[in-house]
Every structure is written in C-alpha cells, then in structure tokens.
There are 2 protein chains.
Amino acid sequence: MPSSSSPRYQQLADVLARHIESGRYPVGSLLPPETDLAQQYGMSRHTVREAIRRLADMGLILRRQGVGTEVRARQPESRYVAALNTLSDLFQYTQRTKLKVMGEEWVIADAELAAQLHCELGQRWLKFLTCRYPTDGKIPIAYTEIFVYPMYEGIREQINNRSAWVHGLIESEYGEKIIEARQEIEPVLLSADIAKLLRASAGAPALQVRRYYFGAHGRLLSSSNNIYPEKRFKISTSWRLEWAK
Amino acid sequence: MPSSSSPRYQQLADVLARHIESGRYPVGSLLPPETDLAQQYGMSRHTVREAIRRLADMGLILRRQGVGTEVRARQPESRYVAALNTLSDLFQYTQRTKLKVMGEEWVIADAELAAQLHCELGQRWLKFLTCRYPTDGKIPIAYTEIFVYPMYEGIREQINNRSAWVHGLIESEYGEKIIEARQEIEPVLLSADIAKLLRASAGAPALQVRRYYFGAHGRLLSSSNNIYPEKRFKISTSWRLEWAK
DNA sequence: AAGTGGTCTAGACCACCGA
DNA sequence: CGGTGGTCTAGACCACTTA
C-alpha cells in the first residue's frame, strides 16, 4: 500500500476518478454514500469527504444534499485559463501611460458603426479621440477612439484628470460593474492621418484592437478602437492548465 | 448571535475578512494560529480551517505549512478570466482546417532563434514549414513555422496524417502534458516570399503570432510562428468577471 | 526543538430531499 | 419517514519551516 506517497484522500480521489473514467460509475449515476465509501475503504467519513471535494473541484461530480453525489463527467475538462487581475491589464504596458484627449464628439450610429458596436441604427454615442503616451515620453503608443454610452457621458469631466483607464471610470463613477470584456485583433496598415498622429510612417503595419466592455445583462457600456503601430507594443497572453496534477 | 443564518465557518470567514479589510490583520502579517483562533472564537480547529479555506479560495491569504497563514490582500481581487477547453481553440477557426507540410529541416539556434525560443545557443530544433488551409479551400489561412524539441521528432511520422493540431501530437504521442501556452501578437508586413505562399500581396498587413508550449517544469516543448494575412482571420478573446465570493 | 499548517479519526447532530 | 450530504467536535499524529 503506497500510503507514503500522497494523502489518503488524494489516493481515494484518484481511485474514484479512475472508476468514473472506466465507467464503473457511469455519468448520471450516484456514487455510493459517503458512509459506505468510508467503510469500504477503511477511512473516516471526513477523509472521504476530502476526496470527494477534490472530484467536485475537478467538475467530475455534483453533490446534492438529500440526494447524493452524482457523476457529471468521465474526465475533467482540461481547461486552459488566462487570468487578469484588472481589465486594465489587457493593455500590458510595462510602463505607466497617460491619455491625451484630442477631441470629443457625439456620433450617431450609421450602418458601419452600428455593426461595430452591435447597437441599433441611430444610437447616439459619445466619442473621444485620444492618444496614449508613456508618462515620460513623447512618442505615442497608440491611437484610440473611445465610445461611451450616453448615460455615462459624465466621465467627460474625469477623463483628463486621471491618466489611467477610461472604461474603469464607468465602474468607479457609476458603480456599474464591467462583467465581460471582449477583445478582437486584426492587422491593418496605418493610414496617413493616424500615422501622423502616431509619428509613424503611413503604410506601416499596425494592430487594430477593438475592445468591448459589457455590464449586467450583456449591455455594452463602452468600447474602444485602438491602433498600435509596430515595435511599440506586443500583445501577450498566457494560458495555464487549470488542474495541473 | 445570528447563528441561524449561516454556518459558523462562514461567520468566522466573514469576521476574518472584515478584519483583514480593516487592516487589523495587515497585508504581509500572519493570522493567529489555527489553534488560537479556535480557542478565541470557541469553535473546533476543523471549523476554523473550513473558514480559512474560504479566505484562501478568495485569495485573501496564503497558507504555508510550518510558517503560518499570511495575509496577501485586503480585498478579494476581482479577477477576469478567459477560458479555453482545448489549446487548439487558440486558433478559433470557424471552419475545419488542414495542415500542409512544405518542408522540414534541422536548425541550430543562432542568436536570433535562441532569443526567440528562449533556449541556449546551438540548441537543435526540428523545424517544419507549413501552410494551413480550410479543408474545402485553396487559399491558405496562415503560414506557419513549427519548432519541435528533438526528443519529439517522432511526430514527423504523424504530422501529415492528422489534419489537426501539431502540438497536441506531443501530448498524445509522448504523454507529455502541455501545462502552459503563451501567445504573442505583433503586426508585420508580408514579405514577398510569404505573400506568394499565402496568395496575398507583398506589403499587405498581417498578424505575426508566436506561440510557445510548455510542459512540466516550464520546459519548452514546441513553438510556432504563424503569419495570418488580413481579412482571413481574427483573434478574439473574451474575459469574464470571476465571482470570488 | 518548537510551532505551524496538513491529515485523519470516531463520533454527533442538522438540513434537505424524495418516497 | 429514512437516507443523503452539511456542519461540527475533541481529540491525535505527521510534515514542514524556522531558529
């Protein structure tokens, strides 16, 4: 008995996971009650529960009080996850940056903008034209158009005060939590006017990154369209296996 | 005493979380030992441990055997996560694709390649030159250079048999789990020779996506360098707020 | 060597669910 | 109502870190 290697609850968890995978405990069926398992494997119920907790963490089983422990899946989904502590980490700037607002205007969604923002035709948006600079530099990192839902136009007052993260203002000023963010990346060439703003060459390669920020009920709160010229920025994402075992 | 409302471990977890937030247990300090807490709050150590487990799940504390329970943060971080069920989902091809291998060669890492692959100078790699096509089309989606660690050169036999995912072959053929993957995205212009392969125009914008696949102990198993011309591919990632509660 | 968290036991009672 | 998982106790010993 290789009791030295790992805790008994882990050994039991492994055994049960194998039995689930082998089909001895089919998906949809119930595992034996905890007391039965305890007797069967000669350990206390507490240890059995610790083992079963592992299986639950892996998503293999579902525990329901008064019913039993139901098998949900034969194998743990090998999920790879990437995590951010703040959505502003999407930017991944190694250095601090500041935002310079070059203009703002109200826009009415035409067909193209409505498609881009997934809104109805004629929807009004407050649009900011901005450039993002390193705090200590004069070469912009990005040209950014920011679209804000009219309800939140009040952030206009704040947008130049804080160097940080525009979309986060909606969270802090209006208490509207950002639930989801989507990021879309495509390659583009710099147009002459944006190239001039960015002090880069027209026709140089760039990343177009569109970000959409959603609140409760999937409502789009704000959106941005970012142009990053080459060499100044790299988008990097790490994915980790969730249950490294 | 609102003992009816929630389990005692939850009540204790709430109390401790408040104390951490208030600064009574500052970040970096150690919580009292479990036995002390048990006596102080008049409950068993098991219940205390259940409470502390909650705090650990929220990321507020770090438990270290032989040391103690260290306070890590005053508030649970609002974490945003993106999840993939398979690393091949990184590709996000809406349609099925096939891989066409156009050539293979052994390469010795010079300074540039060593930097790219984070390996030592002189390291040997097996390099495949490939294009990825939709199964029903003749226009390639991407030009891809694949680097494989010599130990896994056996996948050479398989690479043309399966249309699927090259790096996954290492998992299935060698039982070497991919623990982590990193993706780096930069804008580039198509060079003349790659443009020809991709049936696109030289000088057109493209995404250069470098992916690194790591196994146990952070060892690089394989890597790829992908060139996606505009319009044929869009990289999209969704981040969701994870409810730490 | 002392003290910490990690594991484990053998009990007990409670809350919930379905027949 | 009986049986399930959920909570909880009062012990015990082990593994690990630090001094």
Side-chain angles (χ1 to χ4, degrees), chain A residues 1-17 19-20 25-73 243-245, chain B residues 1-17 19-20 25-73 245:
Chain A
M1 191 188 305
S3 64
S4 58
S5 51
S6 60
R8 300 185 68 184
Y9 67 79
Q10 186 61 59
Q11 297 178 37
L12 177 57
D14 292 344
V15 167
L16 293 177
H19 286 170
I20 288 171
Y25 299 130
V27 172
S29 70
L30 293 179
L31 248 50
E34 296 176 351
T35 45
D36 289 14
L37 289 172
Q39 192 171 18
Q40 183 179 338
Y41 290 95
M43 48 181 71
S44 77
R45 187 172 159 229
H46 175 76
T47 305
V48 170
R49 282 179 63 74
E50 202 63 38
I52 291 182
R53 192 200 293 256
R54 266 30 181 213
L55 301 182
D57 286 346
M58 289 191 292
L60 289 180
I61 54 135
L62 179 67
R63 309 162 92 167
R64 274 187 297 166
Q65 196 175 50
V67 178
T69 304
E70 184 188 334
V71 178
R72 295 183 79 184
W243 299 290
K245 214 183 49 145
Chain B
M1 193 189 307
S3 64
S4 57
S5 50
S6 61
R8 299 186 68 185
Y9 66 79
Q10 186 61 57
Q11 297 178 36
L12 177 57
D14 292 344
V15 167
L16 293 176
H19 286 170
I20 288 172
Y25 298 131
V27 172
S29 69
L30 293 179
L31 248 49
E34 298 176 351
T35 46
D36 290 14
L37 288 173
Q39 190 170 19
Q40 183 177 339
Y41 290 94
M43 48 182 70
S44 78
R45 189 174 154 225
H46 175 77
T47 305
V48 170
R49 281 180 63 75
E50 201 63 39
I52 290 182
R53 193 201 293 256
R54 263 40 180 204
L55 300 182
D57 287 346
M58 289 191 291
L60 290 181
I61 54 140
L62 179 67
R63 307 162 93 168
R64 273 187 298 167
Q65 196 177 53
V67 179
T69 305
E70 184 189 332
V71 179
R72 295 183 80 183
K245 215 189 50 155

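The sequence lines fix the lettering, A, B, ..., with proteins before strands; numbering per chain opens at 1.
- Residue contacts shown for B:Thr35 are absent, as no nucleic acid heavy atom lies under 4.0 Å away.
- Counting to the nearest Å, the P atom of C:dG3 and the CG atom of B:Leu37 are 17 Å from each other.
- Taken from CE in A:Met43 to OH in A:Tyr9, the straight-line distance is 12.0 Å, to the nearest 0.5 Å.
- Distance, B:Leu30 CG to C:dG3 C1': 12 Å, rounded to whole Å.
- The phosphate of C:dG5 has neither OP1 nor OP2 within less than 4.0 Å of any side-chain N or O from B:Arg49.
- A search for side chain to side chain contact (heavy atoms under 4.5 Å, CB included) contacts involving A:Val15 returns A:Arg18, A:His19, A:Tyr41, not counting sequence neighbours.
- Atom CZ in A:Arg63 sits about 16 Å away from atom P in C:dC17, given to the nearest Å.
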For each nucleotide in nucleotides 8-19 of chain D, reading 5' to 3', give B when a protein heavy atom comes within less than 4.0 Å of its base, S when such contact involves only the sugar-phosphate, and - otherwise. BB--B--BBB--
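- When the side chain to side chain contact (heavy atoms under 4.5 Å, CB included) test is applied to B:His46, the partners found at least two apart in sequence or on another chain are A:His46, B:Ser44, B:Glu50.
- Judged as a salt bridge (Lys or Arg N to Asp or Glu O under 4.0 Å), and not counting sequence neighbours, A:Arg72 has no contacts.
- Sequence neighbours left out, the pairs with a member in residues 26-37 of chain A that pass salt bridge (charged side-chain N to carboxylate O under 4.0 Å, His left out) are A:Glu34-A:Arg45, A:Glu34-A:Arg49, A:Glu34-A:Arg63.
- A:Thr69 has no side-chain polar atom (N or O) that falls below the 4.0 Å cut-off from OP1 or OP2 of D:dT4.
- With sequence neighbours excluded, the residues forming a side chain to side chain donor-acceptor pair (under 3.5 Å) with A:Glu70 are A:Arg64, listed by chain and number.
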